[in-house]
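Some notes on the structure that comes next.
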Amino acid sequence: MNEYNPQEIEPKWQKQWRKRNQFAAADDAKMKKFYCLDMFPYPSAAGLHVGHPEGYTATDIISRYKRMRGFEVLHPMGWDAFGLPAENFAIKTGVDPNTSTHNNIENFRRQIQSLGLSYDWSREVDTSTPAYYKWTQWLFLQFYEHGLAYRKKAKVNWCEHDQTVLANEQVVNGACERCKNPVVQRDLEQWFFKITDYAQQLLEDLDAVDWPEPIKAMQRNWIGRSEGAEIDFVLAQPPVKRFILIHGKGGSPMSNFLPWLQSELTKRGYEVQVPVLPNTEAPDLEEQVQAVLQQCTLDEQTVLVGHSFGGLVALRIAETKKLASVILVSTPATANFLDGKARPTVAKAVQYPFSFVHIRNNVSRLHVLFDSGDYVVPESDGQLWADRLQAPYTLVQAQTPHFSGVQEPSVLQAAVPMITVFTTRPDTLYGATYMVLAPEHPLVSQITSAQQRLAVEEYIAATKKKTDLQRTDLNKEKSGVFTGAHAVNPSSGRRIPIWIADYVLGTYGTGAIMAVPAHDERDFEFAKKFDLPIVCVIEPDTLTIQSTALPGTAQFDVDEQKVLKDILVGKSVYAGGGNLINSGEFDGEDSEEAKWKICEKVGGRKKITYRLRDWLISRQRYWGAPIPMVYDPEGNIHPVREEHLPLLLPNDVDFRPTGDSPIARSVEWKERAEKLYGNGWRFENDTMDGFACSSWYFLRFCDPKNTEMFAAPEKLKQWMPVDMYVGGAEHAVLHLLYARFFHKALQDFGLIPAEVGREPFGALRNQGMILGPDHQKMSKSRGNVINPDDVVNEYGADTLRMYEMFMGPFEEMKPWSTESIKGIRRFLDRVWRLKEKVQKDVTEEKATVSELHRTIKKVTEDIDRFDFNTAISQMMIALNLFEKQPVISQSVFELFITILSPFAPHITAELWEQCNFEGEIAQQPWPEYDEELVKETTVNMAVQINGKMRDTITLAVDSSENQARDAAMQSEKVQKHIEGKSVVKVIYIPGKILNIVLK
RNA sequence: GCCCGGGUGGCGAAAUUGGUAUACGCACAGCACUUAAAAUGCUGCGGAGCAAUCCAUGCCGGUUCGAGUCCGGCCCCGGGCACCA
């Protein structure tokens with residue numbers, strides 16, 4: 001008898017499988033396909049972790065099982081090879097990331113191959129190779145062309161340590177997900193993918209996939225859909241009746257935004273006059289002023305809106321007329337402050353300087369509006385006006401430079417300042433006693449009063465200095481500052497103050513809220529602190545109080561009255577529903593029913609808001625796929641031409657992070673851009689987030705060698721979607737959300753056939769984390785790391801595989817045990833020795849065959865359910881029984897090792913060969929079980945008296961109640977308990993229980 | 001705070017629709033084999049009790065002939081989100 005020696009047989013079989021590439025997936029559209037995928041690993045220097053084989057074994061069991069069931073299985077492996085660790089290693093040691101990454105891959109591949117996993121190695125992909133990232137870049141261009149990739153200046157998360165920006169998903173509690181250092185906010189121009197366009201689909205389509213519920217919940221949470229309304233609050237200001245719109249040089253009442261603005265204002269009930277001005281091509285200021293005075297009515301309820309040169313006309317008028325308001329829209333500076341160096345037309349037209357003192361005295365509200373992209377009048381002029389007039393200054397991006405668009409909403413916004421809020425509770429509108437803007441809200445500078453300016457600016461500066469961590473610290477007291485401005489509550493008409501506070505986020509909703517302190521905890525806290533009015537508008541129904549405000553206690557009635565009173569007088573918050581009070585015509589109505597009526601009354605719009613933000617993909621790092629964009633000498637963006645892909649990473653790079661992309665320092669990179677595109681052209685220096693590379697690798701596996709396309713449609717049709725996807729739960733909202741977005745977008749671009757469906761991963765399972773033997777998370781510093789190499793050397797790969805499957809439920813966290821693993825090795829030793837009992841042409845007892853069939857059934861069902869641990873325990877039960885038999889038939893042994901083979905492929909292949917069974921075990925069909933043999937004929941059944949177990953009886957499964965009763969009466973124990981009492985009732989569930997109820 | 005998981009022997013765990021709680025494995029103990037040890041095999045193994053029996057699935061209560069499983073309330077552990085209007 002030879003001994004079981006995994007060190008000898010495992011390499012033997014692995015070599016054979018690899019040599020023949022035995023598990024290659026054939027592109028054969030006629031076969032039933034099964035795509036079984038692992039989340040491909042980042043090849044770290046530390047090598048394989050025991051957590052990796054857990055998922056890999058599960059998919060391997062599934063793959064081998066499905067093959068035996070007649071499926072053509074695609075089971076690939078690859079490398080998520082771009083990433084920071086390789087670059088950090090390069091900074092420390094000078095070793096090129098390309099070299100270190102490929103060394104790590106060699107090691108990972110060796111380790112993975114030592115586990116006997118049935119991958120199709122001919123499909124291996126590596127995201128850091130030009131052959132792969134060419135297509136990552138090509139896909140980026142598709143996103144760009146479809147308007148789903150854009151560059152924008154935004155407040156972004158900046159990791160000081162890694163010197164790069166991060167996506168929202170990569171910031172955990174205000175710290176970098178990777179290095180745990182605090183993340184600060186920076187205003188930077190960055191590339192984004194417009195994932196928000198897919199928010200609704202990403203949410204809805206979750207319903208249809210077979211994923212763990214917690215993961216679905218996390219994604220839903222992250223997308224964060226809220227149904228509510230947008231409501232406009234008009235700024236309270238001196239009464240305004242009339243607008244006079246004054247056009248600029250070369251303009252007319254019909255030019256630019258004037259007709260649109262006129263109609264918008266008329267719609268809002270204002271009188272609008274648009275004078276026709278003489279000599280518009282070569283304007284004379286005094287002449288135009290006279291024209292306005294002749295054509296228009298001017299009084300203290302009049303607002304002048306002057307576009308460009310028209311602003312000068314308005315100002316000259318304001319020197320002598322009392323006016324409500326003057327708004328300058330991109331009005332050029334004059335000799336007043338340019339020492340006579342104003343533009344020639346302006347200098348010629350304006351013969352004497354403006355009297356700012358008179359203007360300030362005559363006009364209640366002045367406002368200066370400029371366009372940041374203006375090339376007619378520089379935005380610096382706006383700053384000068386604002387200084388001299390001591391007026392609020394707003395810099396925006398006009399629809400068309402110099403506000404030449406047909407519609408210019410920012411002009412309307414300046415004319416009728418309006419704050420739009422998002423709320424999910426329009427029913428509480430009457431209770432809105434103040435408003436809060438986020439400190440970064442664009443309207444802040446415009447509305448802030450002169451008195452409050454300093455305080456507001458200080459507060460904004462303080463907010464900017466804070467890290468996200470400090471700003472979102474929940475224990476922190478509310479802070480904020482009054483802007484000096486008021487708005488009108490559109491329901492009640494009451495004047496309410498406008499504050500700014502950092503508890504309102506600039507990035508969610510409209511960046512502004514209506515505060516309802518009586519019914520919102522945060523607003524309540526803020527109102528308390530700053531002594532703002534609290535008006536209760538919903539009378540809670542007592543039932544709701546019972547469940548929300550008070551845990552059930554004995555002195556319930558007393559407390560209930562008190563709680564109700566506190567809410568009514570504003571001493572306590574109440575966030576629930578009930579009947580409206582203090583709400584004018586809506587008093588007495590149910591809050592839920594009145595919600596949309598109130599919204600409608602004030603001109604609010606139903607609105608759905610998502611928490612999800614666009615995906616920031618620029619990284620100021622080297623080791624990633626370069627973003628394939630070029631800038632011309634004027635700074636305009638152009639896509640890199642397709643024939644220039646892949647846009648190769650330069651090799652002459654100093655990796656040290658400085659906050660700029662390291663590739664910017666490459667000479668070759670600079671030269672290449674100029675050579676390909678011309679003098680003064682330069683490439684985008686940022687690289688893409690690694691998650692962009694991993695968002696489509698499952699598509700590449702379908703057609704990994706294609707040099708013409710990222711993947712051919714017929715190959716995608718053949719294999720997609722992934723039927724089973726296995727990996728760690730840590731990717732719940734990162735990789736899995738991004739990959740779903742890619743899949744949907746690419747399908748909408750026509751790159752993925754419709755037959756594939758809208759979701760890339762039909763079924764998903766998460767392996768639970770494996771802890772160290774000390775029940776702690778494995779870490780080098782704790783010294784509790786188990787190295788898979790050591791386990792394979794000591795016990796063999798089959799033992800490692802089976803132990804990891806036997807440890808506990810697949811999806812749960814479980815500790816490694818250096819003792820328990822011996823039990824699995826013992827099991828395999830015993831399976832090995834069982835071959836000594838195998839004889840041809842013997843018929844064993846029916847019980848043995850029955851147990852085999854029960855085992856086939858259990859293992860089959862358990863594999864489908866990912867209950868690998870109980871599948872293994874059933875095989876142990878079967879083995880325990882087989883060992884007790886003097887001989888085992890060949891057929892029983894064959895079937896037994898066949899169902900064991902997906903779990904322990906090496907030992908079973910070797911046994912198959914040594915026993916000279918026909919063919920190869922991996923090619924056997926999966927055994928069917930015989931339902932008749934699975935059935936038990938007799939059972940050991942419990943007999944209960946009054947629900948307490950008293951004895952067991954053995955009888956045929958299909959016994960009648962009377963037979964069972966008779967059998968039970970034979971039992972002395974049962975007789976003893978029944979003695980002297982009368983039987984009230986007998987409950988008999990065949991095969992399960994007989995319960996005799998006594999009085 | 002909100003949303004998910006989970007609490008069962010000394011340990012990892014099982015119990016699929018309410019029906020013999022603790023399968024399977026580890027550890028431990030005894031025995032056999034051996035000069036001896038290892039390996040292997042056999043037996044025992046929730047707690048209390050001589051036994052009959054009683055008590056045990058985080059805690060309290062309920063429904064039921066019968067609850068680890070269902071319902072209500074609470075405690076603890078793990079994960080996710082977190083001023084999202």
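Here is the naming used below: chain letters follow the sequence lines, and residue numbers restart at 1 for every chain.
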Is any side-chain N or O of A:Asn766 closer than 4.0 Å to OP1 or OP2 of B:G5? no

The nucleotide from B:G6, B:U16, B:A23 with an atom nearest the side chain of A:Glu812 is B:G6

May I ask you to say what A:Asn946 touches in the nucleic acid, namely base, sugar-phosphate or nothing, with a heavy-atom cut-off under 4.0 Å? sugar-phosphate

A:Glu730 atom CD is separated from B:G78 atom P, nearest whole Å, by 19 Å

Qualifying residues under salt bridge (charged side-chain N to carboxylate O under 4.0 Å, His left out), relative to A:Glu931, sequence neighbours excluded: A:Lys857

Write down the distance between CZ (A:Phe866) and P (B:A14), rounded to a whole number of angstrom. 16 Å

Using a 4.0 Å heavy-atom cut-off, does A:Asn880 contact any base of the nucleic acid, only the sugar-phosphate backbone, or nothing at all? sugar-phosphate

Passing option when A:Thr428 is tested against A:Ile598, A:Asp523, A:Val516 for side-chain contact (heavy atoms from CB on, under 4.5 Å): A:Val516

Nucleotide nearest A:Asp502 (side chain, heavy atoms from C-beta), chosen from B:C83, B:A13, B:A82: B:C83

Scan A:Ile989 against the nucleic acid and name what it touches under 4.0 Å (heavy atoms): base, sugar-phosphate only, or nothing. base

Applying a 4.0 Å non-hydrogen cut-off, can you work out what A:Glu819 is touching in the nucleic acid: base, sugar-phosphate, or nothing? sugar-phosphate

Which part of the nucleic acid does A:Val984 contact within heavy-atom distance under 4.0 Å: base, sugar-phosphate only, or nothing? nothing

Output field: ring centroids A:Phe530/A:Tyr434 closer than 6.0 Å: no

For A:Met813, which contact category applies under a 4.0 Å heavy-atom criterion: base, sugar-phosphate, or nothing? sugar-phosphate

Would you say the ring centers of A:Phe868 and A:Phe866 fall short of 6.0 Å from each other? yes

Comparing A:Trp222 and A:Asp520 on RNA chain B - which has the more 5′ nearest nucleotide: A:Trp222

Students often get this wrong, so: under 4.0 angstrom with heavy atoms, is A:His775 touching a base, only sugar-phosphate, or nothing? sugar-phosphate

For a quick check, tell me whether the side chain of A:Glu521 and the base of B:G1 share a donor-acceptor pair closer than 3.5 Å. no

From the candidates B:A85, B:G19, B:C83, the one with an atom nearest any side-chain atom of A:Lys992 is B:G19

A:Arg605 bridged to A:Asp232 by N-O distance under 4.0 Å: yes

Does the side chain of A:Ser820 get closer than 4.0 angstrom to OP1 or OP2 of B:A27 through an N or O atom? no

Applying a 4.0 Å non-hydrogen cut-off, can you work out what A:Ser817 is touching in the nucleic acid: base, sugar-phosphate, or nothing? nothing

When the C1' atoms of B:G47 and B:U57 are considered, how many whole Å apart are they? 14 Å

Side chain of A:Ser873 (C-beta onward), nearest among B:C24, B:C65, B:G6: B:C24

Below 30° counts as parallel, above 60° as perpendicular, anything between as tilted: where do the rings of A:Phe827 and A:Phe896 land? perpendicular

Name the closest nucleotide to the A:Leu505 side chain, picking from B:A85, B:A13, B:U20. B:A85

Kindly point out which of B:U16, B:C81, B:G25 is positioned nearest to the side chain of A:Glu861? B:U16

May I ask you to establish whether A:Lys478 and A:Phe526 are in a cation-pi arrangement, using a distance under 6.0 Å from NZ or CZ to the six-membered ring centre and at most 45° from the ring axis? no

Taking the minimum atom-to-atom distance to the side chain of A:Arg865, which one of B:U16, B:C65, B:C24 wins? B:U16

Quick check: are there more than 12 heavy atoms from other residues, nucleotides or ligands sitting under 6.0 Å from NZ of A:Lys607? no

Closest to the A:Arg611 side chain: B:A82, B:A85, B:C55? B:A82

Whole-Å distance between B:G12 P and A:Lys822 NZ? 18 Å

Between the protein and nucleotides 40-44 of chain B, list the N/O to N/O atom pairs that are separated by less than 3.5 angstrom.
none

Does the cation-pi check pass for A:Arg740 over A:Trp211, that is, NZ or CZ under 6.0 Å from the six-membered ring centre and within 45° of its axis? yes

If you only use heavy atoms from C-beta on, which nucleotide in B:C83, B:C4, B:C24 is closest to the side chain of A:Tyr503? B:C83

Side-chain N or O of A:Arg950 less than 4.0 angstrom from OP1 or OP2 on B:U20? no

Identify whether any heavy atom of A:Arg613 sits under 4.0 Å from a base atom; if not, whether one sits that close to sugar-phosphate; answer base, sugar-phosphate or nothing. base

From the options B:C65, B:A85, B:A27, select the nucleotide whose nearest atom is closest to the side chain of A:Lys985. B:C65

Can you see if the side chain of A:Asn869 gets near the phosphate of B:G25 - specifically, an N or O under 4.0 Å from OP1 or OP2? no

Once you apply a heavy-atom cut-off of 4.0 Å, does A:Lys858 come out as touching a base, just sugar-phosphate, or nothing? base

For B:G9, is chi within 90° of 0 (syn) or not (anti)? syn

